[in-house]
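Written out below as structure tokens is the structure these notes cover.
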Amino acid sequence: QKYWEDYKTFKAELRPGKSKNYVLCMFPYPSGALHMGHVINYTIGDVIVRYRMMKGFNVLSPMGWDSFGLPAENAAIKRGMHPEDSTNSNIEKMRAQMSKAGWGYDWGRELATSHPDYYKWTQWLFLKFYKAGQAFKKRAAVNWCPRDATVLANEQVQDGKCERCGTPVEQRDLEQWFFKMSSDAERLLRNHEQLKGWPERVLKMQVEWIGRSEGARIDFTVTETGDPLPVFTTRPDTVYGVTFMSIAPEHPLVEKLVKGTPREEEVMRQVREMRRGGTSERERVDMEKVGLFTGLHVTNPLNGDEVPLYVANFALMTYGTGAVMSVPAHDQRDFEFARKYGLPIKVVIQPPDGTLDGKLAQAFEGDGLQVRSGPFDGMPNREAMGKIIQHIEKNGWGKGTVNYRLRDWLLSRQRYWGAPIPIVYCPVCGEVPVPEKDLPVLLPRNVEFKPTGESPLARCPDFVETTCPKCGCPAKRETDTMDTFVDSSWYFLRYLNARDGDGALDPEAMKYWMPVDQYIGGIEHATMHLIYCRYFTHVLHDLGYVPFEEPIANLFCQGMVCKEAFYCQEDKWLRQDEVHEGRCTKCGRPVHAEVAKMSKSKLNVVSPDEIITKFGADTLRLYILSDTPPERDQLWNDEGLLGSHRFLNRLWSTVFDNIGMLNTAAGKPPAGEQTDKASRELRRKTHETIKRVTDSIEDNYHFNTAISGVIELVSQTREAISLMNSASASAAPSLPAAIREAVQSAVMLLSPIVPHIAEELWHVLGGKGTILQQPWPAWDAAALKVEEVEMAVQINGKVRAHLTLPAGLGEEQVKEAALADERVQRNLEGKAIVNIKVVPDRLVSIAAK
RNA sequence: GCGAGAGUGGCGGAAUUGGCAGACGCGCUGGACUUAGGAUCCAGUACCUUGAGGUAUGGGGGUUCGAGUCCCCCCUCUCGCACCA
């Protein structure tokens with residue numbers, strides 16, 4: 001580690017003409033302690049970095065800190081510290097832990113999103129977005145977490161709960177800052193074709209999240225007042241079957257429409273009741289469908305039908321137009337609602353095989369022929385869809401349109417620990433952006449930041465009170481801060497010129513290094529960070545700041561590290577040492593065991609620090625990659641860790657116990673065709689392993705099979721050493737050279753995974769400098785050739801015999817040899833051969849009756 | 001409900017992409033050695049029977065000389081989305 005540090009092994013420089021490789025791991029929130037999630041993430045990244053360095057790439061491997069945000073603030077409150085202090089001390093601790101793990105980074109590019117020299121540029125970018133109309137303020141119903149006392153983006157709400165703390169989210173009407181992400185929906189979707197190096201499931205999740213659907217906007221009219229009431233539908237072919245209209249309780253028209261009507265009080269009471277749980281709470285299938293007649297009606301522009309208008313809890317203000325044309329005959333949800341409230345059901349599409357009447361058991365959602373649909377009667381409904389849209393457009397009743405589920409990104413937060421939004425409110429000039437020369441808008445240090453629901457910065461007069469940059473009048477600053485996902489939406493660009501005080505982005509560096517060749521991180525960011533950073537880059541591209549649209553060429557999502565967790569009814573979650581023979585050692589009750597992601601609450605965490613202290617970083621690194629392909633969840637097993645430790649000890653002693661022989665053999669010509677059989681076989685194993693390890697890494701980073709390959713090579717090498725030391729050594733004069741080659745190859749192949757031991761062994765074997773400057777081993781195709789093969793003989797699909805034959809033997813000769821075999825003959829007795837198939841060097845398959 | 005992925009020994013997982021299922025590791029069983037170390041080394045370890053066989057990759061069909069792998073039906077689990085009009 002000292003060598004890597006002293007010689008700046010991981011310092012990356014822009015070298016035009018040299019192939020680059022940008023390997024990036026998702027930067028951590030500085031909690032102060034590494035956990036196994038970091039270990040798997042950053043070990044994968046480090047192995048790729050080292051492998052590609054040996055492959056000759058100019059590799060960039062940066063690291064930084066996602067240091068703003070709620071967790072830092074909450075932790076600081078709990079510990080009675082200022083978030084700035086606890087964040088900085090956590091960064092120190094974690095940087096030291098990372099170095100101990102042996103992960104190689106170019107620390108000269110380190111950044112922290114909470115440092116003014118970073119968030120200055122986050123604010124600068126915000127202003128660019130603002131001027132381009134991509135950042136704007138609007139009043140909207142937003143998700144509110146009462147515990148964290150702040151708003152949340154839709155992406156941060158899970159199952160109606162705060163993604164951070166699990167508290168049920170409420171709905172509030174607030175004026176908030178948004179990024180116009182919805183305007184990028186089409187491109188976010190379209191550019192998927194450029195993301196060939198992304199996992200399919202991440203793209204699928206993004207497709208669902210963006211939620212594109214084609215249909216039409218149709219303008220209904222409120223019969224009594226003449227107010228327009230547009231709806232979005234994906235089934236314009238059913239528009240003649242509308243028998244009522246549903247409107248979201250949040251819809252601005254509701255209050256206006258019922259005002260002064262006899263039903264006002266009742267309707268508004270219902271509206272308040274429906275809104276109480278918040279939008280997300282209502283977005284649940286199992287929620288009972290509730291509606292209330294407003295006393296008003298709407299007119300269907302196509303047939304003039306006047307149908308009742310209902311306030312309904314299943315209508316969402318956040319999708320489409322907030323109003324739904326309801327067609328109970330052809331939509332199951334509308335059907336159930338109509339049944340409940342005794343509303344008419346009007347069939348307008350007949351299935352090809354039968355005749356539906358008004359007494360349906362359920363909605364008919366399939367295809368058929370239009371009926372009771374005016375000029376479209378008799379037309380197949382698929383065809384009618386287009387025709388009806390044309391008809392609607394011609395008459396000015398609406399328009400064919402595409403609707404997206406993706407909403408704008410709510411970026412303001414009523415919390416302290418984030419980048420201040422650089423806007424000033426002037427009584428004369430209104431909303432005024434802070435001039436670029438006045439950036440950063442510094443986050444003041446002395447603020448009472450405990451959450452109350454009001455932005456903490458609002459209670460800091462020194463911060464709030466300012467003058468208008470335009471007219472000089474006394475003015476007030478925006479007191480909300482930015483969502484931390486804003487910070488992390490561009491950090492991969494900032495690494496390229498992290499120390500540059502003159503600009504956010506460096507065009508030359510971006511041209512060379514971008515896009516990111518390999519991004520590694522958790523799947524949990526599929527619809528958050530991984531959409532936000534794409535959107536951000538798209539806008540920066542449109543503004544001419546970056547020369548590409550997609551920042552991440554290849555993405556790898558690692559699995560979780562899990563471990564058995566034990567639960568006792570009486571004593572709750574137990575540590576492993578509190579369980580004995582399936583029973584709780586405290587109360588003797590049987591214990592329930594389950595495999596779960598390592599978590600403090602389930603008491604099944606293993607501390608990387610402790611493992612490194614006891615067994616060394618290499619044991620941990622090797623073990624975490626050994627058992628399971630890295631994209632899959634893995635099960636932590638203490639015994640398995642010991643197995644990895646034992647292997648490294650074996651490798652170590654293989655070198656040290658034989659160091660004299662190994663170094664005497666150095667430089668001797670490698671065993672060739674003229675040498676003895678044992679040497680040729682070891683050499684073949686060596687080159688097979690080089691190929692296998694290289695292929696395994698290239699095949700989606702399957703380090704587990706790469707490692708098992710090296711273990712086999714080391715075992716075979718140790719057998720060769722025993723042979724060499726035995727009496728028959730004279731029969732294998734080339735063995736020392738073959739053993740030397742095998743050992744050296746094993747060390748090189750393992751070096752990205754266990755770099756400390758590999759560097760040490762490499763030096764003991766006479767190497768100079770760092771192993772990272774050595775070329776990755778190449779296999780010699782000639783050495784892979786086998787001389788003899790064992791072929792299986794199948795008779796009617798069952799293996800009946802084995803033949804040892806020279807490799808590459810002709811088909812006829814193989815058949816001959818097979819039929820001559822005594823066991824084969826015995827099994828063929830009394831049968832006639834129907835067919836013989838030879839798979840060269842593998843097997844013979846005989847079909848007989 | 002929709003979408004994706006996965007079902008292989010006691011466990012984690014291999015399987016050259018249609019070619020001898022169970023590599024490698026853990027665990028377990030014998031044995032060796034001992035400077036008692038999270039030792040090490042050797043042998044064994046899918047199941048049933050052992051003369052030889054027979055049965056096995058969630059279940060059932062199919063294609064094929066040959067299927068864990070391809071096709072059809074079914075079951076189970078995991079993850080994501082979910083009143084999306």
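By convention in this document, chain letters (A, B, ...) are assigned in the order of the sequence lines, proteins followed by strands, and residues within each chain are numbered from 1. The analysis underlying the following values was restricted to heavy atoms, covering all of them including side chains, and did not include hydrogens, waters or symmetry mates.
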Point to revise | P atoms of B/rC75 and B/rG60, separation to the nearest Å | key: 15 Å
**Study point:** Interatomic distance at C1', B/rC70 relative to B/rU76, whole Å
**Key:** 23 Å
Exercise for review: Among the candidates B/rC41, B/rC81, B/rU55, find the nucleotide nearest to the side-chain atoms of A/Lys798.
Suggested key: B/rU55
Review point. If you measure from the C1' atom in B/rG59 to the same atom in B/rC77, how many Å do you get, rounded?
Key: 15 Å
Point to revise | Inter-residue atom distance A/Leu809.CG - A/Glu811.CD, 0.5 Å rounding | key: 10.5 Å
Exercise for review: Indicate whether any N or O donor in one side chain lies under 3.5 Å from an N or O acceptor in the other, for A/Arg534 and A/Gln206.
Suggested key: yes
Dump every N/O contact between nucleotides 35-39 of chain B and the protein below 3.5 Å, one line per pair.
residue: B/rG38; atom: O6; partner: A/Lys614; partner atom: NZ; Å: 3.2

Review point. Is the shortest side-chain N/O distance from A/Arg718 to OP1 or OP2 of B/rC41 below 4.0 Å?
Key: yes
Point to revise | P atoms of B/rA43 and B/rA4, separation to the nearest Å | key: 49 Å
Review point. Got a donor-acceptor contact below 3.5 angstrom from the A/Asp633 side chain to the A/Met560 backbone?
Key: yes
Exercise for review: Side chain of A/Asn313 only, please: which of B/rA85, B/rC20, B/rC83 is the nearest?
Suggested key: B/rC83
Review point. For A/Arg692 and B/rC24, is the shortest distance between a side-chain N/O and OP1 or OP2 below 4.0 Å?
Key: no
**Study point:** Pairwise C1' distance for B/rA14 and B/rU8, with rounding to whole Å
**Key:** 10 Å
Exercise for review: Grab the two heavy atoms, one from A/Met36 and one from A/Met598, that are nearest each other, plus how far apart they are.
Suggested key: CG-SD, 3.5 Å
Review point. Is B/rG9 in the syn range, within 90° of 0, or in the anti range?
Key: syn
Review point. Would the number of heavy atoms belonging to other residues, nucleotides or ligands and lying under 6.0 Å from NZ of A/Lys399 be above 12?
Key: no
Exercise for review: Decide yes or no on salt bridge (charged side-chain N to carboxylate O under 4.0 Å, His left out) for A/Asp331 and A/Arg235, but give the supporting numbers first.
Suggested key: CA-CA 10 Å; A/Asp331 180 282; A/Arg235 293 291 305 272; over 6 Å; no
**Study point:** Distance between P atoms of B/rG22 and B/rA46 (Å, rounded)
**Key:** 9 Å
Exercise for review: For B/rU64, measure the glycosidic angle (O4'-C1'-N9-C4 for a purine, O4'-C1'-N1-C2 for a pyrimidine) and name it syn if it falls within 90° of 0, otherwise anti.
Suggested key: anti
Exercise for review: Could you grab the distance from atom OH of A/Tyr532 to atom CG of A/Leu188, nearest 0.5 Å is fine?
Suggested key: 12.0 Å
Study note, to complete from the structure: The nucleotide from B/rC81, B/rC83, B/rA4 with an atom nearest the side chain of A/Lys204 is B/rA4
Review point. What is the distance, rounded to the nearest whole Å, between atom CZ of A/Arg405 and atom C1' of B/rC81?
Key: 7 Å
Point to revise | Whether over 12 other heavy atoms sit under 6.0 Å from A/Glu524 CD | key: yes
Review point. Can you check whether A/Phe244 and A/Tyr341 have ring centres sitting under 6.0 Å from each other?
Key: no
Check your understanding: Looking across every strand, which nucleic acid part, if any, lies under 4.0 Å from A/Glu790 by heavy atom: base, sugar-phosphate, or nothing?
Key -> base
Practice item. Looking at every strand, decide which applies to A/Arg823 at a 4.0 Å heavy-atom threshold: base, sugar-phosphate, or nothing. Key: sugar-phosphate
Practice item. Have a look at A/Arg217 and say if it touches a base, only the backbone sugar-phosphate, or nothing, with a 4.0 Å heavy-atom cut-off. Key: nothing
Exercise for review: Indicate, with a heavy-atom threshold strictly under 4.0 Å, whether A/Gly643 touches base, sugar-phosphate, or nothing.
Suggested key: sugar-phosphate
Check your understanding: Under a 4.0 Å N-O cut-off, is there an ion pair linking A/Lys204 with A/Glu208?
Key -> no
**Study point:** First encountered from the 5' end of RNA chain B, between A/Arg333 and A/Gly709
**Key:** A/Gly709
Point to revise | Pair A/Tyr623 + A/Phe615: ring centers closer than 6.0 Å | key: no
Exercise for review: Pick the P atom in B/rC73 and in B/rU69, then give their distance to the nearest Å.
Suggested key: 16 Å
Practice item. Would you indicate which nucleotide in B/rC81, B/rC41, B/rG19 comes nearest to any side-chain atom of A/Val839? Key: B/rG19
Review point. A/Arg650 has an atom CZ; how far is it from atom C1' of B/rC24, in whole Å?
Key: 11 Å
Exercise for review: For B/rG66 versus B/rC84, give the span between their C1' atoms, rounded off to a whole number of Å.
Suggested key: 50 Å
Check your understanding: Counting any heavy atom closer than 4.0 Å, what does A/Arg212 reach on the DNA or RNA strands: base, sugar-phosphate only, or nothing?
Key -> nothing
Review point. Of all the nucleotides listed (B/rC20, B/rA14, B/rC84), which has the minimum atom distance to the side chain of A/Tyr319?
Key: B/rC84
**Study point:** Minimum heavy-atom distance A/Arg405-A/Trp209, with the two atoms named
**Key:** NH2-CE3, 3.0 Å
N/O-N/O pairs, protein side and nucleotides 63-67 of chain B side, under 3.5 Å:
residue: B/rC65; atom: O2; partner: A/Ser845; partner atom: OG; Å: 2.5

**Study point:** Heavy-atom donor-acceptor pair, A/Glu208 side-chain to B/rG3 base, under 3.5 Å
**Key:** no
Check your understanding: If we ignore angles and hydrogens, is there a donor and acceptor under 3.5 Å between the side chains of A/Arg621 and A/Ser626?
Key -> no
Set out, line by line, the N/O atom pairs under 3.5 Å between protein and nucleotides 10-13 of chain B.
residue: B/rG12; atom: O2'; partner: A/Thr628; partner atom: OG1; Å: 3.1

**Study point:** Salt bridge present between A/Lys685 and A/Glu681 (N-O < 4.0 angstrom)
**Key:** no
Point to revise | Whole-Å gap separating C1' (B/rG25) and CG (A/Leu622) | key: 10 Å
